[in-house]
Amino acid sequence: MSTFMLIHGAWHSGECWKRVVPLLAAAGHQVYAPSLTGYGDKVGLAGPEVGLDTHVDDVVGLITGEDLHDVVLVGHSYAGLVVSGAANRVPERIGHLVYLDAMVPVDGESAVDIQPMSRHLIEQAERSESGWRIPPMPERPAPYGLFGVTDPADIAWLRGTLADQPVRCLRQTVRMDNPALDAVPRTHIHNVGATPAGITRRPVPPVQPNGAPAQIWELPTGHDAMVTMPVELSELLLKLA
């Protein structure tokens, strides 16, 4: 039995994994899909003080609180920063890092460094009444939809689960300065469906920090593969169990 921990990206909640969790569990594995502070069942905790460090603490606290080891830690989108920071804190408890269509940082970077369009979102939020709330990205015409989701029923469901993203999440920098982090194997899953203008993806270095060749898989779908291709995504994750 393996332990999977699935970490949602910006604006989402742990609910976005509801089609993947039962598939992994049915294969005999332990699965956690928490909502980070400010989302889902924790939406009431949102505030200007919530940042990347808060979310790293969320993940580390769950891993240590449940005394988990050999965790397959999956980060979607913004959560590429979250899982990187968490693995830096407890590398001895991480069996594999998975970047699902995710931001892939190096030490000292923020979301703005990786995805420059984030700066515009921050500036808009700072001019708003709240000064810190970044609302979810709007639905776009097909084939882009809402985070790559185009089915009308799925869009309606997904929209109901989204919440504002605090500015501090995109501004804070990640720490990846623990030498033991380099030993953790990594897999990158790229969703190669339609990508809106302004969204960029960094090339993955051909060699992982642990010296192994890079492992890159692709899914022919939009950004939220856990909604649009849960079976295929689960099949890929199960290869890491």
Side-chain angles (χ1 to χ4, degrees), residues 5-12 16 52 55-56 59 71-88 91 94-122 137 140 143-145 147-149 165 169-229 232-240:
M5 187 169 291
L6 313 174
I7 307 302
H8 65 82
W11 301 293
H12 291 59
C16 72
L52 173 60
H55 294 155
V56 170
V59 175
V71 177
V72 180
L73 185 57
V74 182
H76 176 241
S77 194
Y78 152 79
L81 289 155
V82 179
V83 300
S84 297
N88 189 72
I94 309 302
H96 208 105
L97 272 176
V98 182
Y99 293 93
L100 174 59
D101 221 37
M103 298 182 179
V104 184
V106 297
D107 183 44
E109 286 191 315
S110 70
V112 174
D113 296 314
I114 302 165
Q115 201 63 255
M117 61 88 65
S118 302
R119 188 179 305 278
H120 175 65
L121 300 178
I122 290 172
M137 302 294 282
R140 304 187 186 198
Y144 306 113
F147 296 104
V149 177
Q165 177 88 346
C169 297
L170 305 185
R171 272 213 169 121
Q172 279 193 318
T173 58
V174 66
R175 290 188 61 183
M176 299 178 67
D177 56 355
N178 187 338
L181 176 61
D182 289 348
V184 178
R186 307 178 185 195
T187 292
H188 303 261
I189 302 176
H190 293 166
N191 301 338
V192 294
T195 303
I199 303 297
T200 58
R201 177 184 288 125
R202 284 180 171 175
V204 177
V207 179
Q208 299 183 43
N210 66 1
Q215 181 157 266
I216 306 169
W217 298 332
E218 294 184 347
L219 287 172
T221 191
H223 189 52
D224 279 8
M226 70 287 288
V227 177
T228 58
M229 296 189 77
E232 295 83 354
L233 173 58
S234 298
E235 288 172 348
L236 291 181
L237 294 177
L238 288 170
K239 292 181 180 182
L240 305 175

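Remember, it's a predicted structure, so these values are computed and weren't measured experimentally.
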Would you compute the distance between atom [atom1] of [X] and atom [atom2] of [Y] and round it to the nearest 0.5 angstrom?
{"X": "Met103", "Y": "Ser110", "atom1": "CE", "atom2": "OG", "answer": "8.5 Å"}
{"X": "Ile189", "Y": "Ile216", "atom1": "CD1", "atom2": "CD1", "answer": "11.5 Å"}
{"X": "Tyr144", "Y": "Met137", "atom1": "OH", "atom2": "CE", "answer": "12.5 Å"}
{"X": "Leu219", "Y": "Leu100", "atom1": "CG", "atom2": "CG", "answer": "7.5 Å"}
{"X": "Tyr78", "Y": "Trp11", "atom1": "OH", "atom2": "CH2", "answer": "11.0 Å"}
{"X": "Ser77", "Y": "Asp224", "atom1": "OG", "atom2": "CG", "answer": "8.0 Å"}

Partners passing side-chain contact (heavy atoms from CB on, under 4.5 Å) against Asn88 (at least two apart in sequence or in another chain):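 Result, side-chain contact (heavy atoms from CB on, under 4.5 Å) vs Asn88: Arg175, Met176, Asp177, Asn178, Leu181.
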Residues Thr221 and Thr228: side-chain donor-acceptor under 3.5 angstrom: yes
His190 side chain to Tyr99 side chain, donor-acceptor N/O pair below 3.5 angstrom: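 Their side chains do not contain a donor-acceptor pair, so the 3.5 Å distance test is not met.
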Residues two or more places apart in sequence or in another chain: which of them pass salt bridge (charged side-chain N to carboxylate O under 4.0 Å, His left out) with [X]?
{"X": "Asp101", "answer": "Arg201"}
{"X": "Glu232", "answer": "none"}
{"X": "Arg171", "answer": "Glu126"}
{"X": "Arg202", "answer": "Glu109"}

Do [X] and [Y] have side chains that approach each other closer than 4.5 Å (heavy atoms only, starting at C-beta)?
{"X": "Ile199", "Y": "Met117", "answer": "yes"}
{"X": "Met5", "Y": "Ile7", "answer": "yes"}
{"X": "Leu237", "Y": "Lys239", "answer": "no"}

Main-chain N/O of [Y] paired to [X] side chain as donor or acceptor, under 3.5 Å:
{"X": "Gln208", "Y": "Ala214", "result": "no"}
{"X": "His12", "Y": "Ala10", "result": "yes"}
{"X": "Gln115", "Y": "Thr200", "result": "yes"}

Pairs meeting criterion ring-ring contact (aromatic ring centres under 6.0 Å, His included) with involvement of residues 199-224, two or more places apart: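 Matches after skipping sequence neighbours: His76-His223.
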